[in-house]
Amino acid sequence: MGVQQYDGIGEAFEGFKALPLTQYGEVPSFLGLVGDVRGASVLDLACGTGFYSREFKRRGASDVLGVDISGEMIAAARGIERRDPLGVRYDVGDVAELALLDRRFDIALAVQCLNYARDIAEMERMCRNIHRNLVPGGQFFLLGQKPDYAFDCASLETYGFRCEPLPGDVETGTRVRITALVEPEPITIVSAAPRREVYEDCLRAAGFGDIEWVPLRVSEAGLREFGEDFWADLVAHPPLEMLRCRA
């Protein structure tokens, strides 16, 4: 569940951000959760093509480093940086093997990151590596599959995604196949939906505290664009959830 499937996606990953769930749910919710980053240093783990890295640099972060296990994703992120320079740095790296970096960061981000841990020991190692690269009291924000999502939302495709459980659970939780209904053809990714206690136990073992789960919200722009009825299934069965904690 890792580098190979993302190497084949590259800059097409940017198309995810235009899908209704992402554009009007994930992105405004996650940006709102992280809040004011002016003057802060930000470590964006599993940064993909750098969407959040760029967004937080535009919002005033003093230093942003994006790290991703996929060389193709980092190549795409660097290509975007060359075309539209913001001063974001990018490196290829595996969060499970992340060394002590050249500085400690005020904020770390992990959007669809820890759910790729192959087992509980690897997730705990990822959390420890993140913790040691944060300043004392630094904040860690993550977003992933809702741990207790029941896969019972018949209309999730309305919001741009297909989400299906797969047979053969992994140690951390349920195996999941996510299909993004982007053009010119859908993109499918396999990951996991770790159990809530797995996240919390690994974070606490790594030294994090003040752990708080935060639900996704539909933005006012999304409500204006489509109306409340359009979002009813998503609100009743949210497939994603966020979490914040402190080092």
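Note that the coordinates shown come from a computational prediction; the quantities given were computed from them, not determined experimentally. Residues take their numbers from the sequence shown, with the count starting at 1. Side chains included, hydrogens not; waters and symmetry mates left out as well; all remaining heavy atoms used.
Atoms CG and CZ, from Asp44 and Phe56 in turn, are 8.0 Å apart once rounded to the nearest 0.5 Å. With values rounded to the nearest 0.5 angstrom, Asn115 atom CG is found 7.0 Å from Met123 atom CE. The CG atom of Asp91 lies 6.0 Å from the CZ atom of Arg78; values are rounded to the nearest 0.5 Å. With rounding to the nearest 0.5 angstrom, the CH2 atom of Trp213 is 9.5 Å from the SG atom of Cys245. Rounded to the nearest 0.5 Å, atoms CG (Leu216) and CG (Leu143) are 6.5 Å apart. For the atom pair Asp229 CG and Leu223 CG, the distance stands at 10.5 Å (nearest 0.5 Å).
Counting only distance, with no hydrogens or angles, the side chain of Arg54 and the backbone of Thr49 share a donor-acceptor pair below 3.5 Å. Within the 3.5 Å criterion, the main-chain N or O of Gly137 finds a donor-acceptor partner in the side chain of Arg246. Side chain of Asn133 to main chain of Ala99: a donor-acceptor pair is present (N/O by atom type, distance under 3.5 Å, no hydrogens or angles). Judged purely by atom type and a 3.5 angstrom limit, Arg195 uses its side chain to pair as donor or acceptor with the backbone of Glu171.
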Arg59 and Leu31: CA distance, side-chain angles, deciding distance, side-chain contact (heavy atoms from CB on, under 4.5 Å) verdict: CA-CA 10 Å; Arg59 289 171 178 244; Leu31 294 177; 3.3 Å; yes
Before giving the answer on side-chain contact (heavy atoms from CB on, under 4.5 Å), spell out for Arg162 and Leu181 the whole-Å C-alpha distance, their side-chain angles and the decisive distance to 0.1 Å. CA-CA 8 Å; Arg162 188 180 303 122; Leu181 305 177; 3.7 Å; yes
Applying side-chain contact (heavy atoms from CB on, under 4.5 Å), run through Leu114 and Cys127 and close with a yes or a no. CA-CA 8 Å; Leu114 298 187; Cys127 292; 3.9 Å; yes
Give the C-alpha distance, both sets of side-chain angles, the deciding distance and a yes or no for side-chain contact (heavy atoms from CB on, under 4.5 Å) between Leu134 and His131. CA-CA 5 Å; Leu134 282 170; His131 187 278; 5.7 Å; no
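For the pair Phe208 and Ile211, the tightest heavy-atom approach, listed with the atom from each and the gap, is O-CD1, 4.5 Å. Closest of all the heavy-atom pairs between Gly50 and Ala77 is N-CB, 4.2 Å. Between Val92 and Ile69, the shortest heavy-atom contact is CG1-O, 3.8 Å. Of all heavy-atom pairs between Asp68 and Gly48, the closest is OD2-N, 2.8 Å. What you find for Gly66 and Cys47 is that their closest heavy atoms are C-SG, 3.5 Å. For the residue pair Asn129 and Glu97, the shortest heavy atom distance occurs at ND2-N, 3.8 Å.
With 3.5 Å as the limit, one finds no donor-acceptor pair spanning the side chains of Ser62 and Ser41.
Using a 4.5 Å heavy-atom threshold, the side chains of Arg175 and Val190 count as touching. The side-chain heavy atoms of Phe226 and Val218, taken from C-beta on, include no pair separated by under 4.5 Å. Between Ile178 and Gln145 there is a side-chain heavy-atom pair separated by less than 4.5 Å. Within the 4.5 Å cutoff, the side chain of Val176 has heavy atoms near those of the Cys163 side chain. With contacts defined as side-chain heavy-atom distances shorter than 4.5 Å, the pair Glu26/Val111 qualifies. Between Val34 and Val42, the closest side-chain pair of non-hydrogen atoms is not below 4.5 Å.
The environment of Asp36 atom CG is dense: over 12 non-hydrogen atoms of other residues, nucleotides or ligands sit within 6.0 angstrom. Within a 6.0 Å radius of CD in Glu185, other residues, nucleotides and ligands contribute 12 heavy atoms or fewer.
Two different hydrophobic clusters hold Val95 and Phe141 under the rule that ILVMFWY side chains link at heavy-atom gaps under 4.5 Å. Tracing side-chain contacts under 4.5 Å through hydrophobic residues (I, L, V, M, F, W, Y), one never reaches Val88 starting from Val67; they form parts of separate clusters. Under a hydrophobic clustering in which Ile, Leu, Val, Met, Phe, Trp and Tyr are joined whenever their side-chain heavy atoms come within less than 4.5 Å, directly or via other members, Ile107 and Tyr90 fall into the same cluster. Under the 4.5 Å side-chain heavy-atom criterion for Ile, Leu, Val, Met, Phe, Trp and Tyr, Ile189 and Val27 are members of the same hydrophobic cluster. Both Phe161 and Tyr24 belong to a common hydrophobic cluster when Ile, Leu, Val, Met, Phe, Trp and Tyr are linked at side-chain heavy-atom distances under 4.5 angstrom.
Salt-bridge formation is not detected for the pair Asp94/Arg125: no Lys NZ or Arg NE/NH1/NH2 atom is positioned less than 4.0 Å from an Asp or Glu carboxylate oxygen. By the 4.0 Å N-to-carboxylate-O rule, Glu81 lies too far from Arg89 to be salt-bridged with it.
Taking the ring centroids of Phe51 and Phe16, they lie at or beyond the 6.0 Å cut-off. Residues Tyr149 and Phe151 place their aromatic rings such that the two centres sit under 6.0 Å apart.
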What donor-acceptor contacts under 3.5 angstrom involve side-chain atoms of residues 230-244, with partners at least two apart or in another chain?
unit_1 : atom_1 : unit_2 : atom_2 : d
Trp231 : NE1    : Gly222 : O      : 3.0
Asp233 : OD2    : Ser155 : OG     : 2.8
His237 : ND1    : Asp152 : OD1    : 3.0
Glu241 : OE1    : Arg196 : NH1    : 3.2
Glu241 : OE1    : Arg196 : NH2    : 3.0
Glu241 : OE2    : Arg196 : NH1    : 3.3
Arg244 : NE     : Glu212 : OE1    : 2.9
Arg244 : NH2    : Glu212 : OE1    : 3.2
Arg244 : NH2    : Glu212 : OE2    : 3.4

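Residues in residues 127-137 take part in these salt bridge (charged side-chain N to carboxylate O under 4.0 Å, His left out) pairs, two or more places apart or across chains: Glu124-Arg128.
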